[in-house]
Amino acid sequence: YRLPRIGQRITKTAVAVFLCLLVCTLRGLEGMAMSAESCITAIICMQPYVRDTRDYAFNRVAGTLIGSFWGLLFLLMCLFIPELAGMKPLLYAMMGVGVMASLYSTVVLRMPDASSLAAIVFICIVIAFPEIESPLQQAFNRVLDVLLGTFIAIGVNVFRLPRDKNRDLVFFLRTKDLAPDRFSSIPS
């Protein structure tokens with residue numbers, strides 16, 4: 001049994017994560033303060049084809065902006081009503097409404113692929129309330145980290161690594177074997 005060789009996507013993903021960590025270090029972040037968000041974004045956005053990477057990146061950025069908007073709005077409201085910190089059930093119900101607003105915004109904007117990301121970003125931003133001192137900084141850091149991971153993933157994926165092509169293999173695919181869903185587009 002031979003182990004399969006390490007492919008370009010694996011190599012490019014590792015390079016993208018390395019660059020994200022390097023940029024975090026240059027930003028002065030270390031240890032637990034280092035952002036995992038940019039690394040996660042780079043891993044998610046890295047796809048076999050550059051076009052797919054761009055699609056994932058667009059959805060990731062759109063979801064992050066939508067979730068950050070609602071998260072910032074939620075945190076600002078909580079700062080103006082400090083009594084909410086002591087009313088956990090009400091606070092959690094409001095977080096549920098914030099998730100709903102994030103999801104519904106993606107429906108209104110016709111971006112269904114960004115919906116789960118918007119809700120996740122919202123929760124990531126608000127979950128630490130009332131320990132959050134600067135809501136604007138919290139939302140800004142989230143957006144910055146996602147943009148960083150996105151642009152690094154696209155940049156690394158556009159770069160072509162040298163490789164040997166196996167010209168002895170030919171792949172065939174019958175169009176009837178494709179199972180399109182509402183999110184896929186099959187070119188003629």
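Environment of CG in L26: crowded, with over 12 heavy atoms of neighbouring residues, nucleotides or ligands closer than 6.0 Å. Heavy-atom neighbours of M100 CE from other residues, nucleotides or ligands within 6.0 Å: at or below the threshold of 12.
The CG atom of L65 lies 9.0 Å from the CE atom of M111; values are rounded to the nearest 0.5 Å. Here the straight-line distance linking atom CG of D52 with atom CE of M46 works out to 12.0 Å at 0.5 Å rounding. Rounded to the nearest 0.5 Å, atoms SG (C45) and CD1 (I40) are 11.5 Å apart. Residue T13 holds its OG1 atom at 11.5 Å from CD1 of I44, rounded to the nearest 0.5 Å.
Using a 4.5 Å heavy-atom threshold, the side chains of L76 and L72 count as touching. The shortest distance between side-chain heavy atoms of I6 and T11 falls below 4.5 Å. Taking 4.5 Å as the limit, some side-chain heavy atom of L91 sits within range of a side-chain heavy atom of M95. L144 places a side-chain heavy atom less than 4.5 Å from the side chain of R27.
Connection of L148 to L19 is established within a shared hydrophobic cluster, with ILVMFWY side chains joined at heavy-atom distances below 4.5 Å, either directly or through further cluster members. One hydrophobic cluster, built from ILVMFWY side chains closer than 4.5 Å, holds both L90 and L73. When the side chains of ILVMFWY residues are joined at heavy-atom separations under 4.5 Å, either directly or via intervening members, L109 and V146 end up in two distinct hydrophobic clusters. In terms of hydrophobic clustering, with Ile, Leu, Val, Met, Phe, Trp and Tyr side chains grouped at heavy-atom distances under 4.5 Å, V121 and M94 are assigned to a common cluster. Taking hydrophobic clusters as Ile, Leu, Val, Met, Phe, Trp and Tyr residues chained together by side-chain heavy-atom distances below 4.5 Å, F140 does not share a cluster with V61.
Considering N59, L103, I66 as possible partners of S115, the one that fulfils the side chain to side chain contact (heavy atoms under 4.5 Å, CB included) test is L103.
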Stepwise side chain to side chain contact (heavy atoms under 4.5 Å, CB included) test for L117 and T64: CA-CA 6 Å; L117 294 169; T64 299; 5.6 Å; no
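The minimum heavy-atom distance linking C20 with S38 is given by the pair SG-O, 3.5 Å. Closest heavy-atom contact between A16 and I152: O-CG2, 3.6 Å. Shortest non-hydrogen contact noted between V99 and A119 is CG1-CB, 3.9 Å. The minimum heavy-atom distance between S68 and V143, with the atom names listed, is OG-CG2, 3.3 Å.
Among residue pairs with one or both ends in residues 100-127, those qualifying as ring-ring contact (aromatic ring centres under 6.0 Å, His included) are F74-F122; sequence neighbours excluded.
For the residue pair R60 / T41, a side-chain donor-acceptor distance below 3.5 Å is found, with atom types taken as modelled.
A donor-acceptor distance shorter than 3.5 angstrom exists from the side chain of N157 to the backbone of Q47, with no hydrogens or angles considered.
Taking R9 as the reference, nothing meets the salt bridge (charged side-chain N to carboxylate O under 4.0 Å, His left out) condition, with sequence neighbours excluded.
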